[in-house]
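Throughout, a chain's letter reflects where its sequence line sits, starting with A, and its residues are numbered from 1.
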2 protein chains.
Amino acid sequence: MKIGDAANAAGLPVKTVRYYADIDLVAPPRADNGYRDYDAADVKRLSFVGRSRAFGFSVAECRRLLTLYDDDSRASADVKAIAEEHLAALDQKMAELATLRAELSAIAKECKGDAGARCPIIDHLAGA
Amino acid sequence: MKIGDAANAAGLPVKTVRYYADIDLVAPPRADNGYRDYDAADVKRLSFVGRSRAFGFSVAECRRLLTLYDDDSRASADVKAIAEEHLAALDQKMAELATLRAELSAIAKECKGDAGARCPIIDHLAGA
DNA sequence: CTATTCTTTCCAGTTACTGGAAGGTCAAGA
DNA sequence: TCTTGACCTTCCAGTAACTGGAAAGAATAG
């Protein structure tokens, strides 16, 4: 199966699939003509990565997950650990954004937002 | 004032200050010896950028904000527009993260996280 | 006068692709 | 058979915003 078909089946751009091959994430063998030769298992792995990425896992995390995916005798605890690690990271990021949002919102509220030059937002950013 | 002192006064790493000079964000003149020569206004601008970055504004947004900061006759509406644009972006990102978090959390809950191989997380990622 | 601390430039790496150029391969149609 | 077009290949560059490090010149303290 050529890269175009594999990418199509996995719902990923060809460029991305090629990239995953370059970084040895999902690296199929080559056919005689030099073309990458994907099989059904490769497509499954590509789809797996695609879904993992959609959940916000980094490529490094995808690599670990893929290893566990391939390992029939993994402990589900190992998978869950990665997931919870990721959940914690999501929580932290959300908390950071919420703080930022709240502070910026409070400052923005003070600004009239008219044609006048006086601007509490600028003042705050300037350290007033 | 040399870059080290300016960076110190602005609370930024020297590397970052040099980077800002490279991209013409805060670009001081050069002294005879070739050293960048910062004055008090430059330090203020650096601090301004530092605070803006801390609020999550991109460097591109900082550039716009800096222009407005420098313009005594700006309309506060222009500043507020950037701030609200940024608030909207923050809201969107937070919503995305919240969705991700909820979905992943729901899936993770199904996983026992023990020594067994059966793992609903993997199953979900595999598209089951 | 020297040792240390600055400063300079430039190159590379980070994350996860994405776009584009130049060129090889293959299947179908005239 | 020839050609056209769709596909494949590699490699280079760019994205965002730095950060680390190397090599070399400048300044300063003792």
Nearest heavy atoms of A/Leu12 and A/Leu46, plus distance in Å: CD1-O, 3.6 Å

Nucleotide nearest B/Arg53 when distance is taken to its side chain, options C/dA16, C/dT8, D/dC18: D/dC18

Whole-Å gap separating C1' (C/dT15) and NZ (A/Lys93): 12 Å

Touch class at under 4.0 angstrom, heavy-atom based, for A/Arg18 against every strand present: base

Interatomic distance, B/Arg36 CZ vs C/dT7 P [rounded to whole Å]: 10 Å

Nearest listed nucleotide, side chain of B/Lys2, among D/dA27, C/dT8, D/dT9: D/dA27

Minimum side-chain heavy-atom gap B/Lys2-B/Arg36 below 4.5 Å: no

Touch class at under 4.0 angstrom, heavy-atom based, for B/Ile3 against every strand present: sugar-phosphate

Separation of D/dC7 P from A/Met1 CE (nearest whole Å): 14 Å

Common cluster, B/Val49/B/Met1, ILVMFWY with side-chain heavy-atom separation under 4.5 Å: yes

N-O pairing of B/Arg118 and A/Asp72 below 4.0 Å: no

Below 4.0 Å: OP1/OP2 of C/dA16 and any side-chain N or O of A/Arg63: no

Nucleotide C/dC26, atom P - distance to CG of A/Asn33 in whole Å: 5 Å

Among D/dT9, D/dT19, C/dG19, the nucleotide that comes nearest once only the side chain of B/Tyr19 is considered: D/dT19

Residue A/Tyr20, side-chain atoms from C-beta onward, closest of C/dT18, C/dC17, C/dT8: C/dC17

Rounded distance (Å) that lies between atom P of C/dT25 and atom CG of A/Asp32: 12 Å

Side chains of B/Tyr69 and B/Val79 in contact at under 4.5 Å (non-hydrogen atoms): no

Spacing between A/Leu25 atom CG and C/dA16 atom C1', to the nearest angstrom: 11 Å

Spacing between B/Phe57 atom CZ and D/dA16 atom P, to the nearest angstrom: 17 Å

Minimum-distance nucleotide (side-chain atoms of A/Tyr35 versus C/dT9, C/dA16, D/dT9): D/dT9

Under 4.0 angstrom between B/Thr16 side-chain N/O and D/dT19 OP1 or OP2: yes

Between C/dT8 (P) and B/Lys15 (NZ): distance, integer Å: 11 Å

